[in-house]
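I have placed the structure first, in the form of structure tokens, so that the comments after it can refer back to it.
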Amino acid sequence: MNDTTATAEAYTTGLLSKDLPTEGTRLRLLEQSYDPATVRVLEGLDIAPTWRCLELGAGAGSIAYWLADRVPQGGVVAADIDPRFLDADRAPQLTVRRMDVNEEDFAPGSFDLVHARAVFMHLPRREEVLRRAVRWLAPGGWLVLEDVYFLPAEDSPYPEWQRVQRAWLDALAAQGIDLAWARRLPARLAAAGLDSVGVSVTPGGLGVDAVQDELLRIRLVQSGRSLVDAGLATEDQVERARALVESGPAPDVSTFIYSSWGRRPAD
């Protein structure tokens, strides 16, 4: 089994499988939490009605739908390895495509905007895919990548959270996720030849807001048994972490979403 096959299987049978009954809810909570920051970045690009857009890892579709509303004379390709939560009939200029970005490609210059959120950190050959994504841009086109940077679990002020968060991070790392990739994003975009590189950061974690707490509660429901079965945490530790989430703790920022963007030079 090669690395890309293993990655694909991790997201069809692993902790983030869309077969899990809570995965649709988790994706929609992610949208509620992070769409405002994503939209602020995209609005700053002055999207034209004729733009051709690619939404990689479209998930439950909110950003693909938002883009489709803004490009009535253009188009949006919403690509995902498992597009079951996407509505292909949402807009005539929207195309839903089942795609493994590790293996598939687009013609050079196909898009004026390529956006991906919480995708590249999961890719085993992320640097290669980044170079291909730059080639997909038309001159003057924008690449916007967003990924999650995780702070050390051991730094949490809540002992009952430290162990389960550490177990979660270990499980993600075992799936090949680069937990520090997001911090390198701006430099990687510049190294790929893009200009006008920028970055903004959005915090997340326990007690940050009600949506974040519900997202973490769902994550415990979804992954708790797997963490116990893998010997990474005990049932008691998972239960204590759940009780902490539901107690409404003071904020403990444990993640940052790095939103990074760059433009292919017009010449």
Side-chain angles (χ1 to χ4, degrees), residues 2-4 6-8 10-11 16 30 34-35 37-45 47 51-59 63 67 77 79-81 99-152 169 172-204 253-267:
N2 62 34
D3 55 356
T4 57
T7 300
Y11 299 102
L16 303 177
L30 283 172
Y34 296 121
D35 276 6
T38 299
V39 167
R40 283 195 296 272
V41 171
L42 296 178
E43 285 180 333
L45 305 183
I47 296 171
W51 274 19
R52 300 158 299 161
C53 305
L54 171 63
E55 175 70 3
L56 279 175
I63 295 300
L67 286 169
V77 176
D80 201 284
I81 196 170
M99 176 183 179
D100 182 350
V101 72
N102 293 295
E103 304 294 342
E104 300 177 61
D105 211 347
F106 292 98
S110 293
F111 300 104
D112 303 291
L113 169 66
V114 175
H115 171 256
R117 185 173 66 197
V119 173
F120 275 67
M121 61 188 290
H122 299 268
L123 303 178
R125 301 199 303 266
R126 58 190 65 87
E127 297 280 358
E128 173 195 324
V129 178
L130 173 58
R131 290 191 294 271
R132 285 196 277 122
V134 170
R135 291 200 300 270
W136 300 337
L137 294 173
W142 290 91
L143 178 60
V144 180
L145 300 183
E146 303 181 282
D147 271 311
V148 187
Y149 180 78
F150 293 87
L151 297 174
L169 297 183
L172 294 182
Q175 289 192 183
I177 298 173
D178 187 336
L179 303 177
W181 159 258
R183 185 174 176 179
R184 300 193 292 272
L185 269 174
R188 301 315 303 151
L189 295 181
L194 302 182
D195 62 21
S196 302
V197 172
V199 65
S200 65
V201 179
T202 304
V253 172
S254 57
T255 62
F256 292 112
I257 293 282
Y258 275 68
S259 303
S260 304
W261 58 89
R263 181 181 60 185
R264 179 176 175 180
D267 56 0

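Fair warning: this is a prediction, and the values are worked out from it, not measured in the lab.
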Can you list everything that forms a salt bridge (Lys or Arg N to Asp or Glu O under 4.0 Å) with [X]? Sequence neighbours excluded, please.
| X | value |
| --- | --- |
| R264 | none |
| E43 | none |
| D112 | R52 |

message: Could you work out, with ring-ring contact (aromatic ring centres under 6.0 Å, His included) as the rule, every residue matching W136, not counting sequence neighbours?
response: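 Partners of W136 by the ring-ring contact (aromatic ring centres under 6.0 Å, His included) criterion, ordered by chain and then number, come out as F106.
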Pair I177-L169, side-chain contact (heavy atoms from CB on, under 4.5 Å): steps then yes or no: CA-CA 9 Å; I177 298 173; L169 297 183; over 6 Å; no
task: Could you go through the salt bridge (Lys or Arg N to Asp or Glu O under 4.0 Å) check for D35 and R40 one step at a time?
output: CA-CA 9 Å; D35 276 6; R40 283 195 296 272; over 6 Å; no
Approximate separation, where rounding is to 0.5 Å, of [X] [atom1] and [Y] [atom2]:
| X | Y | atom1 | atom2 | answer |
| --- | --- | --- | --- | --- |
| W51 | W142 | CH2 | CH2 | 8.0 Å |
| L194 | L137 | CG | CG | 6.5 Å |
| F120 | L145 | CZ | CG | 5.0 Å |

Distance-minimising heavy-atom pair for [X] and [Y]:
| X | Y | result |
| --- | --- | --- |
| C53 | L67 | CB-CD1, 4.2 Å |
| L130 | L143 | CD1-CD2, 3.5 Å |
| V41 | S259 | CG2-CB, 4.0 Å |
| S260 | V199 | OG-CG2, 3.6 Å |
| L54 | A79 | CD1-CB, 4.2 Å |
| L151 | V253 | CD1-O, 3.4 Å |

query: Would one find more than 12 heavy atoms of other residues, nucleotides or ligands at under 6.0 Å from atom CZ of R183?
result: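 For R183, atom CZ is not crowded (no more than 12 foreign heavy atoms under 6.0 Å).
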- request: Report the C-alpha distance between V144 and L42 in whole Å, list the side-chain angles of each, state the deciding distance to 0.1 Å, and finish with yes or no for side-chain contact (heavy atoms from CB on, under 4.5 Å).
  value: CA-CA 8 Å; V144 180; L42 296 178; 4.1 Å; yes
Residue pairs fulfilling side-chain hydrogen bond (donor to acceptor under 3.5 Å, both in side chains) with at least one residue in residues 187-203, sequence neighbours excluded: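 Every side-chain hydrogen bond (donor to acceptor under 3.5 Å, both in side chains) pair that includes a residue of residues 187-203, provided the two are not neighbours, is E127-R188, D195-R263, S196-R263.
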- prompt: Do I63 and H115 pass the side-chain contact (heavy atoms from CB on, under 4.5 Å) test, and can you show the C-alpha distance, the side-chain angles, and the key distance before you say yes or no?
  reply: CA-CA 9 Å; I63 295 300; H115 171 256; 3.9 Å; yes
- prompt: Which residues satisfy the side chain to side chain contact (heavy atoms under 4.5 Å, CB included) test with A180, sequence neighbours excluded?
  reply: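 For A180, the residues satisfying side chain to side chain contact (heavy atoms under 4.5 Å, CB included) (neighbours in sequence not counted) are Y149, D178, R184.
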- request: Start with the C-alpha distance between D147 and I257, add both sets of side-chain angles, then the distance that settles side-chain contact (heavy atoms from CB on, under 4.5 Å), and finish with yes or no.
  value: CA-CA 6 Å; D147 271 311; I257 293 282; over 6 Å; no
message: Can you see whether T38 engages E146 through a side-chain donor-acceptor pair at a distance of less than 3.5 angstrom?
response: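 Yes, side-chain donor-acceptor contact under 3.5 Å.
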query: Taking the side chain as C-beta and beyond, is there a heavy-atom pair between E103 and R125 under 4.5 Å?
result: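 Yes, close enough: below the 4.5 Å cut-off.
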field: Heavy-atom side-chain proximity of R132 to D105 below 4.5 angstrom
entry: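 A side-chain contact under 4.5 Å exists here.
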